[in-house]
There are 2 protein chains.
Amino acid sequence: MPSTSRAQNRADQTRAIQETGRRHLAEVGPAALSLRAIAREVGMVSSAVYRYFPSRDDLLTALIVEAYDELGDAVEAADATVADPTDLAVRFRAIAHAIHGWARANPHEYALLYGSPVPGYAAPDTTVPSAARVTGAFLRLAEASERAGLALGAPTSPVAGGEHDALAGVRAALDPPVTDERTVRWLMAWSTVFGHISLELFGHMYRGILDYDAHFAHVTDQLAADLGLARHVG
Amino acid sequence: MPSTSRAQNRADQTRAIQETGRRHLAEVGPAALSLRAIAREVGMVSSAVYRYFPSRDDLLTALIVEAYDELGDAVEAADATVADPTDLAVRFRAIAHAIHGWARANPHEYALLYGSPVPGYAAPDTTVPSAARVTGAFLRLAEASERAGLALGAPTSPVAGGEHDALAGVRAALDPPVTDERTVRWLMAWSTVFGHISLELFGHMYRGILDYDAHFAHVTDQLAADLGLARHVG
DNA sequence: CCCAAAACAAGAGCACTGCTCTCGCAATGT
DNA sequence: ACATTGCGAGAGCAGTGCTCTTGTTTTGGG
């Protein structure tokens, strides 16, 4: 009759390793993540860690899924707390600011998800469902704006045949179907949001933009207007 | 009377190391760049490399500057070959496609410049001038569009006081001055272009967008129209 | 022309990494 | 009660960035 059962102990140890890994990740970044250092802190010898995570990459995968889910939680929570769900502009801003806020608070995790891929590491399909939650939030808003019949706020050129085919992948994920022009605008908004955050976090706006939050807020407002979610002011 | 003088030999060796490093960088990425492996290939013992580059980070800096300059060359060359320099839409597309093409051809180098910062490495000021060439191409186009008095193609909300202050850094780099609204639109275009490339290269568009080039072309056309460089079609 | 000074290549060595293998011990379930 | 399995510890391999010493070669001034 051990104080902790074998299964319980395994769960505890796995969690301890992952938590310590998460802390190290936030401190030194993904490339410098050391299995030995984690083992030391958990109080194990390095080889024992391999009983729980077959390789460093498997630990990395677990951390990636954890980060995607945390960001997904933040995004979905922000979306859910909007008082009037029919106000798509507010929901869009809430989502964008949730991503921005989480990225600022967890820069290394953001870099792990949306920065350079770790060399020699290919994210397995396990990560896809968690990763899809964030993009899913955008897609659902796009569907809602289509359903509401909102007109795009910025003039948008018609989509030609080749580009129509290129969008087949996203189109399959949209129900009800969204017009190509609206799809393109939403993809652009997606690129703008993540591009902005990446440029900001990776230091390319340093000394150019003095107040990141003020500027990001303006950009999201502008995007919401371009998408037809809100009227352009002025 | 040596066949190669000491100074000549030093220059040759430095170049050989940097070239080999560049090749390794393209193969394994920045984080996995090994000084020892480079030394082996050049035919030196690892400690000898330190006579030419005091540390791995210094070699990395040299490679970063080289990459920024190569991208800068590509961008400026693309801009210069536009037949009619007053056609800002064509120039914008040329620049955007030059960046996109270079990034596709040199994904690891792009990741080094615009992906996650290498942990523990801080880019010295040496890299700034080379890095500024790319953003400078955007800024110069923004100035030209202001000078030409082009109206923005997409409705743009007026910039409030806080946001005006936030833009002080970019404003200082613009001569002649550009209106805040135009500046914001150009910053958004900048974010969209790099965001798009990063999302594409780092695998986030996989299976969503089937033809990257077709889609990117449409996006840049759209951006050019939003910026007022070209008429919206349709 | 000669010789001190500087530059250099090579090697050993330190502390670290991911990962494998073997060894014993302890919990498990039949 | 015992064979099976899970697990921690340790040694070891091949690799890393970087430092220090040792001996050699090139250089430039007296």
Side-chain angles (χ1 to χ4, degrees), chain A residues 1-18 20-21 23-25 27-64 112 117-124, chain B residues 1-18 20-21 23-25 27-64 112 117-124:
Chain A
M1 194 188 292
S3 58
T4 63
S5 81
R6 194 152 233 177
Q8 182 63 38
N9 189 267
R10 177 165 190 89
D12 288 350
Q13 294 281 46
T14 307
R15 203 163 40 80
I17 292 171
Q18 189 163 338
T20 308
R23 265 211 325 286
H24 281 201
L25 177 71
E27 282 164 17
V28 299
L33 212 161
S34 157
L35 248 169
R36 287 177 116 110
I38 295 171
R40 228 166 323 175
E41 193 169 316
V42 176
M44 262 190 279
V45 88
S46 77
S47 60
V49 179
Y50 286 83
R51 300 258 174 219
Y52 300 92
F53 293 93
S55 78
R56 183 176 159 278
D57 284 3
D58 290 86
L59 175 56
L60 215 55
T61 300
L63 293 174
I64 288 174
L112 180 63
V118 180
Y121 171 84
Chain B
M1 193 190 293
S3 59
T4 61
S5 80
R6 191 151 234 177
Q8 182 64 36
N9 189 268
R10 177 165 189 88
D12 289 349
Q13 294 280 45
T14 308
R15 201 162 40 81
I17 292 171
Q18 189 164 338
T20 309
R23 264 211 327 286
H24 282 200
L25 176 71
E27 282 164 17
V28 300
L33 214 163
S34 157
L35 247 170
R36 288 178 116 110
I38 295 171
R40 226 165 334 184
E41 193 170 314
V42 176
M44 261 189 280
V45 88
S46 76
S47 61
V49 179
Y50 287 82
R51 299 247 171 230
Y52 300 92
F53 293 93
S55 79
R56 184 176 159 279
D57 284 2
D58 290 87
L59 175 56
L60 215 55
T61 300
L63 293 174
I64 288 175
L112 180 62
V118 179
Y121 170 83

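Being a predicted model, the structure only gives us computed values, none of them experimental.
For the pair Arg40(A) and dT17(C), the criterion of a side-chain N or O lying under 4.0 Å from OP1 or OP2 is met. For dA7(C), neither phosphate oxygen OP1 nor OP2 lies less than 4.0 angstrom from any side-chain nitrogen or oxygen of Arg10(B). Dashed line: the shortest gap from a side-chain N or O of Tyr52(B) to OP1 or OP2 of dA9(C) is under 4.0 Å. The shortest distance between the side-chain N/O atoms of Ser34(A) and the OP1/OP2 oxygens of dT17(C) is below 4.0 Å. OP1 or OP2 of dA9(C) has at least one side-chain nitrogen or oxygen of Gln13(B) nearer than 4.0 Å.
In this structure, Met44(A) places its CE atom 16 Å from C1' of dC19(C), rounding to the nearest Å. The interatomic distance linking Phe53(B) (CZ) with dC8(C) (C1') rounds to 16 Å, in whole Å. The OH atom of Tyr50(A) sits 13 Å away from the C1' atom of dC21(C) (whole-angstrom rounding). Residue Asp57(A) contributes atom CG, which lies 7 Å from atom P of dC19(C) at whole-angstrom precision. Asp12(B) places its CG atom 15 Å from the C1' atom of dC8(C), with the value rounded to the nearest Å. Taking atom CG on Leu33(B) and atom C1' on dG15(D), their separation rounds to 15 Å, with Å as the unit. The interatomic distance linking Arg56(A) (CZ) with dT17(C) (P) rounds to 11 Å, in whole Å. Atom CD1 in Ile38(B) sits about 15 Å away from atom C1' in dC18(D), given to the nearest Å.
Within 4.0 Å (heavy atoms only), Leu59(B) reaches no atom of the nucleic acid at all.
In this model, no donor atom of one side chain and acceptor atom of the other lie less than 3.5 Å apart for Thr61(B) and Asp58(B).
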Would Gln13(A) and Arg51(A) count as a side-chain contact (heavy atoms from CB on, under 4.5 Å) here? Give the steps. CA-CA 10 Å; Gln13(A) 294 281 46; Arg51(A) 300 258 174 219; over 6 Å; no

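A donor-acceptor contact under 3.5 Å links the side chain of Arg51(A) to the base of dG8(D). If you check distances only, the side chain of Arg36(B) does reach the base of dG17(D) with a donor-acceptor pair under 3.5 Å.
Of the possible polar contacts, none joining the Arg36(A) side chain to the Val45(A) backbone as a donor-acceptor pair under 3.5 Å is found. Of the possible donor and acceptor atoms, one in the side chain of Arg56(A) sits under 3.5 Å from a partner among the backbone N and O of Leu33(A).
To the nearest 0.5 Å, the span separating CZ on Arg10(B) from OG1 on Thr14(B) amounts to 5.0 Å.
Map Ser46(A) and Val49(A) each onto its nearest nucleotide of DNA chain D; the residue landing nearer the 5' end is Val49(A).
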